[in-house]
2 protein chains.
Amino acid sequence: MERRRADIIAETLEERICDGTYPDGERLDEVRLAESFGVSRTPLREALQKLALSGLVEQLPRRGVFVRQPGPVELMEMFEVMAEMEAVCGRLAAARITDEALAELDAANAECRKAVTAQDADAYYLENERFHHIIYRESGNAFLAQETGSLHRRLKPFRRMQLRLRGRLPQSMSEHEEIVAALRAGDGAAAADALRAHVAVQGEKFRFLMARLKSAAE
Amino acid sequence: MERRRADIIAETLEERICDGTYPDGERLDEVRLAESFGVSRTPLREALQKLALSGLVEQLPRRGVFVRQPGPVELMEMFEVMAEMEAVCGRLAAARITDEALAELDAANAECRKAVTAQDADAYYLENERFHHIIYRESGNAFLAQETGSLHRRLKPFRRMQLRLRGRLPQSMSEHEEIVAALRAGDGAAAADALRAHVAVQGEKFRFLMARLKSAAE
DNA sequence: CGGACATTTTTTGTATACAAGGAGGTTGAC
DNA sequence: GTCAACCTCCTTGTATACAAAAAATGTCCG
């Protein structure tokens, strides 16, 4: 699949917004960005509109586009929805998952365990992501998997951050094992609860981090 | 809020796709459409990209955009997700709903009842929509309400269709009352179950309609 | 007569040019 | 001195022009 420049630009800008290169409220100037990318305004505008639709920037007509980092409230809301969607994925997957997928989950968890002993949060996140995406897929509902993955992607930087909290890695690890156990047992309710809690606690941890950052700034 | 032509065009095209003016697989010609709207290709392309991101059309690079009606499988998947999301809204709303909102739900249901006796499926759908959106809002999670509303919008034509089935109106009506009762009682699990079933049955009815349409075509 | 290659034509993607609306500054009046 | 109106400049939205890629057509060879 060949790609347009506009798509590549959108991806780059998305990364920059997520990693904080552009702070909240910053106006993204079409001409300056176009110059910096070495393209005209046309593909750049397309990229900005794409970002606007995915909610990363706000587009005020005749005013410009502004990066719109989700505030603490919105982030908590998003984590709540994420938890519920993963729970649904888990409940459906418990009834539909294949043995092969269970083996994949075990494999991902094994890699996770390695990362835990190595205290490598980045490596952990990578395998953790694989773990979750397998569950999305095994929900047997491609649309659900798509939507859940999309939200996962949007929360990625925030999910990632809380993994650096002391003791979070082993805790997350044991939650993973509980999830797999429920899936293997075909217990939809248990899988849903385990996944909901697993994601919800991420929201909690993240909120804690936010609060600490804020107080540190004062 | 002033609006761009591109947005108006996107809305118009969205309607046309939903109501079947453009059949599945049809290529949307940029120049022809631009002429018909009396604009240049620029705003029209922006509109098409917007539609592509919301999933109503598929955009093959260097090939063009094609309307992509969801197939039966995808529709069932979407209904399944819709049911789950409404269930979540209901569960949260049961704990967070205000007395005013409960009164609003009663009012919407009263209008629904009128529509049932009048056998007016269109009027019913209108109030039905209000009913559901109140629950989305009362979930107390603006992000969830947004996402749920967005999916509702996408399924609108299909949700609407099944209301014309014989006996569906009174059945839907009684489901509504069960939902309100659960919400009033603050019973989150009951509200979730009632809403999930209410939406899931819509998917079932719709599938039935699809099957009948298909067999009639043979 | 069929298939493959070259050419033409159509269509998308990008660049540039133009128009229109808003932000900010300046000037004038009170 | 302050507020308001006007004017200017800048930015966005739209139109047109150009380039590149894919589809269509025709031609040549087997």
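The model shown is predicted, which means the values in this text are computed figures rather than measured ones. Labels below follow one simple rule: chain letters A, B, ... track the order of the sequence lines, proteins then strands, and each chain is numbered from 1. Side-chain atoms are counted along with the backbone in the values below, which use heavy atoms only and exclude waters and symmetry mates.
For the pair A:Q49 CD and C:dT14 P, the interatomic distance rounds to 14 Å; values are reported in whole Å.
The pair B:E26-B:R16 does not meet the salt-bridge criterion, since no charged nitrogen lies less than 4.0 angstrom from a carboxylate oxygen. The pair A:R164-A:D122 meets the salt-bridge criterion, since a charged nitrogen lies less than 4.0 angstrom from a carboxylate oxygen. Electrostatic pairing of B:E175 and B:R168 counts as a salt bridge here, judged by a charged N lying under 4.0 Å from a carboxylate O.
At D:dT12, none of the side-chain N or O atoms of A:R32 fall inside 4.0 Å of OP1 or OP2 (strictly under the cut-off). Within the structure, every side-chain polar atom (N or O) of A:R4 is placed at least 4.0 Å from both OP1 and OP2 of C:dT12.
Residues A:R41 and B:V31 each lie close to DNA chain C; by heavy-atom proximity, the contact nearer the 5' end of the strand is made by B:V31.
Side-chain atoms of A:E46 and B:Q49 form a donor-acceptor pair, as typed in the model, at a separation below 3.5 Å.
With C:dA15, C:dT12, D:dT16 as the choices, the nucleotide that has an atom nearest any side-chain atom of A:V39 turns out to be C:dA15. Closest to the side chain of B:R62, from the set C:dT14, C:dT12, D:dA15, is C:dT12. Between D:dA15, C:dT12, C:dA15, one nucleotide has an atom nearer to the side chain of B:T42 than all others, and that is D:dA15.
Within 3.5 Å, no donor on the side chain of A:R63 pairs with an acceptor on the base of C:dG21, nor the reverse.
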